Amino acid sequence: MANEILQLDIQDHHVVMDNGILQVTLSKPDGNVTGIKYNSIDNVLEVDDKETHRGYWDLVWNSGTSGTTGTFDEMRGKEFEVMVQNEEQIELSFKRNYSFKDKAVPLNIDKRFIMLRNSSGFYSYAIYEHMREWPPFNLPQTRIVFKLRKDKFHYMAIADDRQRFMPLPEDRLRHRGKPLDFPEAVLLVNPKEPEFKGEMFLSAHYSGEDLVLKLSPDEPWKKVFGPVFFYLNSVSDGGDPLSLWEDAKTQMSIEVQSWPYSFPASEDFPPPNQRGRLTGKLFVLDRYINEEKMPATDAYVGLAAPGEAGSWQTENKGYQFWTKTDADGSFSIEHVRIGDYNLYAWVPGFIGDYRYDVLINVSPGSDMDVGDLVYEPPRNGPTLWEIGIPDRSAAEFYIPDPDPKYINKLYVNHPDRFRQYGLWERYAELYPDADLVYSVGVSDYTKDWFFAHVNRKRNDGSHLATTWEIKFRVDNIIDKSGTYTLRVALATANVAELQIQVNNPEAKPSLFTTGMIGHDNAIARHGIHGLYRLYSVDILGSLLVEGENTIFLSQIINSSSFNGVMYDYIRLEGPPSDSISLQNS
């Protein structure tokens with residue numbers, strides 16, 4: 001159907017875009033996608049749902065209270081306008097402007113939909129704007145949703161090694177599914193398709209207070225979300241259905257190479273020639289590993305709003321632009337929007353975060369080279385021992401097999417072992433009476449270090465806080481006044497408080513505490529990392545003894561199964577002058 005003419009049909013309550021390959025129907029002026037006609041299917045969206053619940057943008061907001069909940073808003077437009085209509089493109093706008101008399105979220109919202117000639121898909125983006133004089137509010141969530149026909153779509157593909165047939169939505173109902181430890185988790189006990197019996201069905205997302213977008217009084221804000229491309233493909237009769245996945249990956253590569261798009265009509269989405277570029281080369285200098293600086297290979301380098309080192313993790317009001325370094329540490333960050341940024345980086349294999357202290361201003365067409373940059377990761381002395389790999393993940397630690405009654409067949413013999421339900425409960429089964437003890441030089445962190453430091457669940461449903469021990473031997477302490485450094489890097493934390501003691505678990509106060517940290521939810525959501533946190537704990541030589549020493553790690557909040565942390569990496573450093581000898585290091 002190549003070279004079909006683009007057609008736009010504006011009706012009383014709907015508007016239809018048609019390029020001869022697919023036909024997209026939207027409600028007017030709401031701006032909800034009510035139908036997508038493709039090939040012989042009149043509508044790929046769920047026809048049993050109301051028109052307003054088939055394809056839509058939505059958000060959740062609250063008026064400044066803490067938390068990730070709030071008022072659900074379907075973002076229905078009030079004004080419709082054709083922004084572009086020519087032989088190559090149609091772009092439609094569905095707009096809703098804020099008024100003080102409204103009880104809606106204090107945002108101007110402009111939802112855009114684009115159809116191009118000869119394209120087997122369509123694009124959508126949205127522009128949110130908050131004026132300085134408007135009330136402050138929090139925005140925990142915004143998204144675009146499409147509900148596909150359950151009688152047509154039975155198979156899902158997320159990655160090359162994450163593909164499977166899907167249970168049906170009604171399998172979540174109580175007579176077919178048994179709710180588990182959190183509302184989104186259901187054990188399928190009587191599914192429509194017997195092959196799914198005994199499996200898990202999940203339908204949720206990560207969330208956390210640390211990532212809620214919060215607008216303060218007198219704070220203006222504007223941001224473009226998208227454009228996002230929605231691609232439809234098909235296979236001829238007798239063809240391999242799995243070829244659809246390969247075709248979709250090819251199309252994804254085309255879209256990535258085409259970004260940033262030049263066709264969106266809004267001036268809030270600048271085209272490529274109105275953006276800038278930044279290049280440079282990153283090195284790492286850790287003199288306890290190498291006296292010379294080393295190329296930061298495969299490091300993550302990015303531009304984000306000005307802030308402290310690592311602040312990019314929770315910054316979501318502005319835009320971020322990231323890339324990875326080459327083998328020699330070279331990097332090039334392309335197509336950056338104009339504005340002021342800091343340059344940030346982190347390097348797998350090394351702890352901590354890097355920030356280039358010079359403010360970077362990107363202007364239209366600018367091409368800046370920052371030259372050679374050197375990151376010196378935190379380090380006070382030589383490594384005496386270490387546990388794990390500093391890569392911001394807990395994947396290298398011991399991940400148990402799931403309880404057979406909760407098993408998800410997709411992740412059997414799969415590299416993502418952590419994606420099984422209920423692994424947190426396995427800790428109490430593996431350590432029913434005493435907590436984990438790790439002996440430096442004897443234990444193997446891939447077998448002896450549980451991937452998540454969680455509570456022990458009792459038979460009565462209550463939870464017991466847990467204390468892990470790291471045992472190591474010291475032969476000779478030359479200088480009792482020397483200071484040793486314990487580096488504790490966390491891959492994630494969820495409503496947890498980690499307290500650290502040396503040789504005396506009952507000492508008050510504890511040598512160190514994180515205080516209450518984290519809302520990452522990675523434990524419950526089958527993740528293996530969340531927000532990265534690094535703590536450095538000074539240990540006086542006088543706290544150590546010749547012979548066996550013990551570091552106690554206590555996670556003291558015990559209100560649920562999901563209180564806990566995942567460690568990324570732990571290291572004990574000696575003083576700058578090595579005044580300690582260690583056996584089995």
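It should be emphasised that the depicted structure is a prediction, and the values quoted were computed from it without experimental measurement. Throughout, residue positions are numbered sequentially from 1 according to the sequence presented.
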How are the rings of [X] and [Y] set to each other: parallel, tilted or perpendicular (split at 30° and 60°)?
X      : Y      : answer
Phe80  : Phe94  : tilted
Phe137 : His130 : tilted
Phe122 : Phe146 : perpendicular

Between [Y] and [X], is the closest basic N to carboxylate O distance under 4.0 Å?
X      : Y      : value
Asp110 : Lys222 : no
Arg96  : Asp73  : yes
Arg533 : Asp210 : yes

Lys317 NZ to Lys223 NZ distance, which is reported to the nearest 0.5 Å: 11.0 Å
When you compare the side chains of [X] and [Y], does any donor N or O come within less than 3.5 Å of an acceptor on the partner?
X      : Y      : value
Asp30  : Tyr56  : no
Gln313 : Tyr344 : no
Tyr123 : Gln89  : no

What pair of heavy atoms forms the shortest contact from Arg54 to Val33, and how long is it?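 Minimum heavy-atom separation between Arg54 and Val33: CB-O, 3.6 Å.
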Tell me, yes or no, whether the heavy-atom count around [X] atom [atom1], taken from other residues, nucleotides or ligands under 6.0 Å, exceeds 12.
X      : atom1 : result
Lys249 : NZ    : yes
Glu267 : CD    : no
Lys147 : NZ    : yes
Gln11  : CD    : yes

Using the ring pair (Phe, Tyr, Trp, His ring centres under 6.0 Å) criterion, which residues pair with Tyr354? Sequence neighbours excluded.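 By the ring pair (Phe, Tyr, Trp, His ring centres under 6.0 Å) rule, Tyr354 matches Tyr375.
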